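So the structure is just underneath, and the comments pick up after that.
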Amino acid sequence: MMRLAAIRTAVLVMVALSACNKAPPLDNVCSYGPLPATSEVPAGQGGLVTQAATDAYFYAFDGAGKQVGSAHVNALLPLKPGEYQLKVNNSVHMGAVESATLTKCPTGGVLVNGSTDDYYHVFDDAGKELASAHIGAALSLFQGSYQIRLNNSSSAAQVQSGTTANLTTGTVNVDASTDEYYYVFDSAGSQLASSHLGKPLGLFAGMYTVKLNNSESKAEVGAETSNIPAGTLVLEGSTDEYYYVFNAAGTQLASSHLGRPLALFPGSYNVKLNNSTATTSVATSPITIGSGSITLQGSTDEYYYVFDHAGTQLASAHLGRPLSFLPGDYTAKLNHVSIPVRVEAGRANENQTGSLTVKSSASGYYSVFDSAGTQLASKELNQPVSLPAGEYLVKAGSNTRTVAVTAGQSSVVNL
């Protein structure tokens with residue numbers, strides 16, 4: 001019986017010794033060796049070093065996700081025996097610590113090179129952002145696959161321990177003289193980034209669509225700067241109004257105040273001002289288009305209307321307020337009376353109207369007719385109506401009068 005007990009005790013001791021001397025788990029990143037005698041590590045603990053070429057820190061977490069320590073890369077971190085989740089720039093690797101053992105876990109790195117003042121961002125396979133750095137500055141990461149984004153353009157990076165994955169970028173730039181921005185889109189039509197005209201954007205190599213005031217140009221980005229030429233278009237005018245730019249398909253692209261230029265990629269465009277239209281081609285040289293104005297002056301609180309040669313109404317304004325149009329022939333109407341007007345670039349076309357008032361002690365309305373008997377307007381007695389110069393027929397009740405209206409003067413009919 002004593003001999004059997006001794007055998008059992010020997011077996012238990014061997015099992016215990018075997019457990020104490022258990023080899024660290026196999027790992028293609030971390031290596032294990034004896035702890036140097038000069039290491040300042042508490043008895044029963046081991047040490048862990050994360051090796052990196054950058055100025056970074058690493059962090060150790062236990063199985064419950066609790067941070068148990070941190071240290072500068074290449075510095076020793078004492079830890080109790082066990083398995084730990086290690087993080088460098090939020091990249092993750094599992095490392096084991098044994099008593100009196102030094103665990104070394106080297107990192108690799110990624111470096112994005114370029115000429116712009118941008119930052120790049122590192123994402124894991126699940127799309128979670130881990131870290132970011134300025135172009136030209138390296139980031140240390142544990143071995144693995146990563147997605148690198150620069151202005152939302154993407155490139156894959158395979159990081160290996162002890163080496164740096166170098167990624168090269170190109171740039172896109174749109175140069176024009178206006179205070180505006182251009183926008184970059186990927187092949188799926190998603191907007192990636194924007195920048196002020198004249199300021200380049202860093203991008204990974206690929207094909208992109210660049211938009212400037214919704215005009216479009218393709219850009220192939222490689223290792224060099226892709227400069228996309230643009231021109232400017234301005235519609236000059238003297239009124240406080242806006243002009244609009246459309247593409248050949250009739251889609252509105254942009255608008256601007258008269259006298260303020262718009263930057264556009266070279267191409268053919270339609271310009272509209274109060275619905276008058278002109279077609280123009282934009283190249284890299286500035287394009288200037290002139291406009292003129294129409295004003296119907298009058299003393300009453302009424303509106304005049306402007307029509308094109310086809311009879312389509314283009315715009316309207318209160319008497320005394322000018323309207324700008326592209327050069328051409330137009331018809332202005334006031335109370336259904338037509339006035340032919342010609343618009344010339346840089347010139348103001350003013351037309352003075354007169355007014356007519358039927359005065360009476362009675363109440364009711366009077367009507368105004370042209371020489372053909374067509375009714376033009378009606379107004380309450382004793383209230384004026386504006387009309388272009390000419391002869392008109394006035395009716396109030398059973399009274400009918402012919403009256404001449406003179407430009408700039410008030411005509412009065414007493415009943």
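Source: prediction; values computed, not measured. Just so it is clear, the values below take in all heavy atoms, side chains as well, and ignore hydrogens, waters and symmetry mates.
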key: From L79 atom CG to Y84 atom OH, the distance as rounded to the nearest 0.5 Å   = 5.0 Å
message = Tell me whether the count of non-hydrogen atoms from other residues, nucleotides or ligands lying under 6.0 Å of CZ in F185 goes above 12.
response = yes
task = Run the numbers on T178 and T232 for side-chain hydrogen bond (donor to acceptor under 3.5 Å, both in side chains), then give the verdict.
result = CA-CA 8 Å; T178 58; T232 60; over 6 Å; no
request  = Could you tell me whether Q313 atom CD has more than 12 heavy atoms of other residues or ligands within 6.0 Å of it?
outcome  = yes
ask   = Heavy-atom distance under 4.5 Å between the side chains of V343 and I294, does that happen here?
value = yes
ask   = Under 6.0 Å from the NE2 atom of H318, do we count more than 12 heavy atoms belonging to anything else shown?
value = yes
ask   = Do N349 and N351 come close enough that some side-chain heavy atom pair is under 4.5 Å?
value = yes
note = side-chain contact (heavy atoms from CB on, under 4.5 Å) test vs L102 passes for just one of V41, V49, V97, L48, namely V49
message = Is any side-chain heavy atom of Y330 closer than 4.5 Å to one of S276?
response = yes
Side-chain heavy atoms of D117 within contact of H134, under 4.5 Å = yes
query = Which distance, rounded to the nearest 0.5 Å, do you find between the OH of Y242 and the CG of N274?
reply = 13.0 Å
query = What distance separates S238 OG from L258 CG, expressed to the nearest 0.5 Å?
reply = 8.0 Å
task = Using side-chain contact (heavy atoms from CB on, under 4.5 Å) as the criterion, point out the one residue from L203, L201, T169 that pairs with L150.
result = T169
T107 (side chain) donor-acceptor with Q51 (main chain) under 3.5 angstrom = yes
query = Do L197 and L212 have side chains that get closer than 4.5 Å, going by heavy atoms?
reply = yes
key: Polar side-chain atom of Y183 near backbone of N214 as donor-acceptor pair, under 3.5 Å   = no
query = Is F246 atom CZ crowded by more than 12 heavy atoms from other residues, nucleotides or ligands, each under 6.0 Å away?
reply = yes
remark   = OG (S378) and NZ (K395) are apart, to the nearest 0.5 Å, by 13.5 Å
key: Result of checking V385, L381, N414 against V358 for side-chain contact (heavy atoms from CB on, under 4.5 Å)   = L381
inquiry  = I'd like to know whether Q143 forms a side-chain hydrogen bond (donor to acceptor under 3.5 Å, both in side chains) with S161, so could you lay out the CA-CA distance, the side-chain angles of the two residues, the decisive distance to 0.1 Å, and finally the verdict.
reply    = CA-CA 5 Å; Q143 182 172 296; S161 297; 3.3 Å; yes
message = With heavy-atom distances below 4.5 Å as the criterion, would you say the side chains of N399 and Y366 are in contact?
response = no
task = Would you confirm whether S255, through its side chain, and Y243, through its main-chain N or O, come within 3.5 Å as a donor-acceptor pair?
result = no
ask   = Looking at side-chain heavy atoms only, is the closest gap between N166 and T164 below 4.5 Å?
value = yes
task = Would you check if the side chain of E302 reaches a backbone N or O of S386 as a donor-acceptor pair within less than 3.5 Å?
result = yes
Other residues, nucleotides, ligands: >12 heavy atoms within 6.0 Å of H196 NE2 = yes
inquiry  = Tell me whether S215 contacts the main-chain N or O of F265 through its side chain, where contact means a donor paired with an acceptor under 3.5 Å.
reply    = yes
ask   = Judged by atom type as modelled, is there a donor-acceptor pair below 3.5 Å linking the side chain of T103 to the main-chain atoms of A96?
value = yes
request  = Check whether any side-chain heavy atom of I228 sits under 4.5 Å from a side-chain heavy atom of K218, and report yes or no.
outcome  = no
remark   = Between the OG atom in S398 and the CG atom in L415, the distance rounded to the nearest 0.5 Å is 9.0 Å
ask   = Hey, does the side chain of N89 reach the backbone of S91 with a donor-acceptor pair shorter than 3.5 angstrom?
value = no
key: Enclosure of F307 CZ (heavy-atom neighbours >12, cutoff 6.0 Å)   = yes
request  = Report the C-alpha distance between N152 and H121 in whole Å, list the side-chain angles of each, state the deciding distance to 0.1 Å, and finish with yes or no for side-chain hydrogen bond (donor to acceptor under 3.5 Å, both in side chains).
outcome  = CA-CA 9 Å; N152 291 307; H121 303 261; over 6 Å; no
request  = Mark yes or no for whether N382, through its side chain, and T357, through its backbone, hold a donor-acceptor pair below 3.5 Å.
outcome  = no
Approximate separation, where rounding is to 0.5 Å, of L111 CG and Y120 OH = 5.5 Å
ask   = Which word best sums up how the rings of H93 and F142 line up, parallel for under 30°, tilted for 30 to 60°, or perpendicular for over 60°?
value = tilted
ask   = Would you find a donor on one side and an acceptor on the other, under 3.5 Å apart, between the side chain of N213 and the backbone of A263?
value = yes
inquiry  = Using only atom types and a distance under 3.5 Å, with no angle test, would you say the side chain of S411 pairs donor to acceptor with the backbone of A404?
reply    = yes
